[in-house]
Amino acid sequence: MKHLKLIINNDIKNNSNNYFIKKELKLILNLYAQMVSQGYCKDYGLSISPIGISFDIYKRSSEKPIIKILKNLKYKNINEKYLIIDRNGSTLKKSENLKSLIDQVNWFRLKIVS
């Protein structure tokens, strides 16, 4: 055990934000906790692709995600930075601010179509 070293890399050379930052993840997980407590969903997953990072919400883990909250990495307009995508791949809402996007959607009125 005396040969282990702790290495902390505080030098961020590539500031491309290819991840959810703490504030974003806190907003999303608070929403997810509300959805679980209401019985709306039971599982989640994180997906990473060249297009973006998404937080996927599942009704059952064996199905497609019912909702995806996507942080778009290759947006053309600033209002396309964050997207809400349904299970069919259609964009429900988009915004440049995640908090306003989450507040705009009435999550418990969304209808789940099997």
Side-chain angles (χ1 to χ4, degrees):
M1 287 293 209
K2 65 181 179 179
H3 299 291
L4 293 177
K5 292 182 182 180
L6 178 63
I7 299 172
I8 300 173
N9 188 2
N10 290 332
D11 182 28
I12 300 174
K13 294 177 184 172
N14 187 5
N15 191 10
S16 59
N17 279 342
N18 293 344
Y19 48 84
F20 285 116
I21 61 172
K22 186 177 180 180
K23 290 178 187 178
E24 295 167 343
L25 201 54
K26 181 180 177 184
L27 288 169
I28 294 170
L29 288 174
N30 285 340
L31 171 67
Y32 175 73
Q34 290 176 357
M35 294 172 102
V36 169
S37 68
Q38 297 289 325
Y40 187 73
C41 62
K42 295 184 180 179
D43 201 6
Y44 74 92
L46 292 168
S47 302
I48 300 171
S49 71
I51 297 169
I53 297 98
S54 69
F55 186 92
D56 307 334
I57 300 173
Y58 297 88
K59 179 71 177 172
R60 290 176 202 87
S61 59
S62 61
E63 298 178 351
K64 284 179 157 180
I66 53 174
I67 297 290
K68 289 184 179 187
I69 301 172
L70 177 74
K71 182 177 183 178
N72 193 355
L73 299 175
K74 297 186 177 183
Y75 55 91
K76 297 199 184 333
N77 293 333
I78 188 69
N79 69 339
E80 294 177 346
K81 185 173 182 183
Y82 298 101
L83 305 168
I84 306 285
I85 300 172
D86 68 357
R87 95 173 17 194
N88 299 324
S90 302
T91 302
L92 301 176
K93 294 271 185 181
K94 53 187 169 182
S95 178
E96 70 277 357
N97 186 349
L98 183 62
K99 181 165 176 36
S100 68
L101 182 68
I102 288 176
D103 292 342
Q104 286 175 7
V105 177
N106 188 349
W107 296 96
F108 302 106
R109 293 199 53 169
L110 291 176
K111 203 168 217 184
I112 301 173
V113 179
S114 298

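None of the values given here were measured: they were computed from a predicted structure.
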Whether the side chain of K71 engages the backbone of Y19 through a donor-acceptor N/O pair (distance < 3.5 Å, no angle test) should be reported. yes
Less than 3.5 Å apart, any donor N or O on the side chain of N79 or S95 sitting next to an acceptor on the other? no
L101 vs K94 side-chain heavy atoms within contact, under 4.5 Å: no
Can L25 be reached from I48 by stepping across I, L, V, M, F, W or Y side chains whose heavy atoms are under 4.5 Å apart? yes
Run E24 and L98 through side chain to side chain contact (heavy atoms under 4.5 Å, CB included) and show every step you take. CA-CA 7 Å; E24 295 167 343; L98 183 62; 3.6 Å; yes
Do I57 and D43 come close enough that some side-chain heavy atom pair is under 4.5 Å? no
For L46, does the CG atom have more than 12 heavy-atom neighbours from other residues, nucleotides or ligands under 6.0 Å away? yes
Does the distance from a Lys or Arg side-chain N to an Asp or Glu carboxylate O, for E96 and K81, drop under 4.0 Å? no
Do I67 and Y58 have side chains that get closer than 4.5 Å, going by heavy atoms? no
Does any non-hydrogen side-chain atom of L27 lie less than 4.5 Å from one of K23? no
Is the backbone of S90 close enough, under 3.5 Å, to the side chain of N88 for a donor and an acceptor to pair up by distance? no
Do I85 and L92 have side-chain heavy atoms sitting under 4.5 Å apart? no
Following the transitive rule for hydrophobic clusters with a side-chain heavy-atom cut-off under 4.5 Å over Ile, Leu, Val, Met, Phe, Trp and Tyr, establish whether L31 and Y82 coincide in one cluster. yes
Using 30° and 60° as the class boundaries, would you call the ring planes of F55 and Y44 parallel, tilted or perpendicular? parallel
So, Y40 versus Q34: side-chain donor-acceptor pair below 3.5 Å or not? no
Point-to-point distance, once rounded to the nearest 0.5 Å, from NZ of K26 to CG of L29: 10.5 Å
Apply side chain to side chain contact (heavy atoms under 4.5 Å, CB included) to C41 and V36, showing your working. CA-CA 5 Å; C41 62; V36 169; 4.0 Å; yes
Within the structure provided, determine whether I84 and I69 are in side-chain contact (heavy-atom separation under 4.5 Å). yes
Kindly indicate whether the side chain of R87, heavy atoms from C-beta on, has any atom under 4.5 Å from the side chain of E63. yes
Where is the tightest heavy-atom contact between G39 and K59, given as atom of each residue plus distance? O-NZ, 3.0 Å
Between D86 (side chain only) and G89 (backbone N and O only), is there a donor and an acceptor less than 3.5 Å apart? yes
Taking all atoms of both residues into account, what is the closest heavy-atom pair of S47 and D56, and its distance? OG-OD2, 2.6 Å
What distance separates I28 CD1 from I102 CD1, expressed to the nearest 0.5 Å? 5.5 Å
Side-chain touch L70/I53, heavy atoms, less than 4.5 angstrom: no
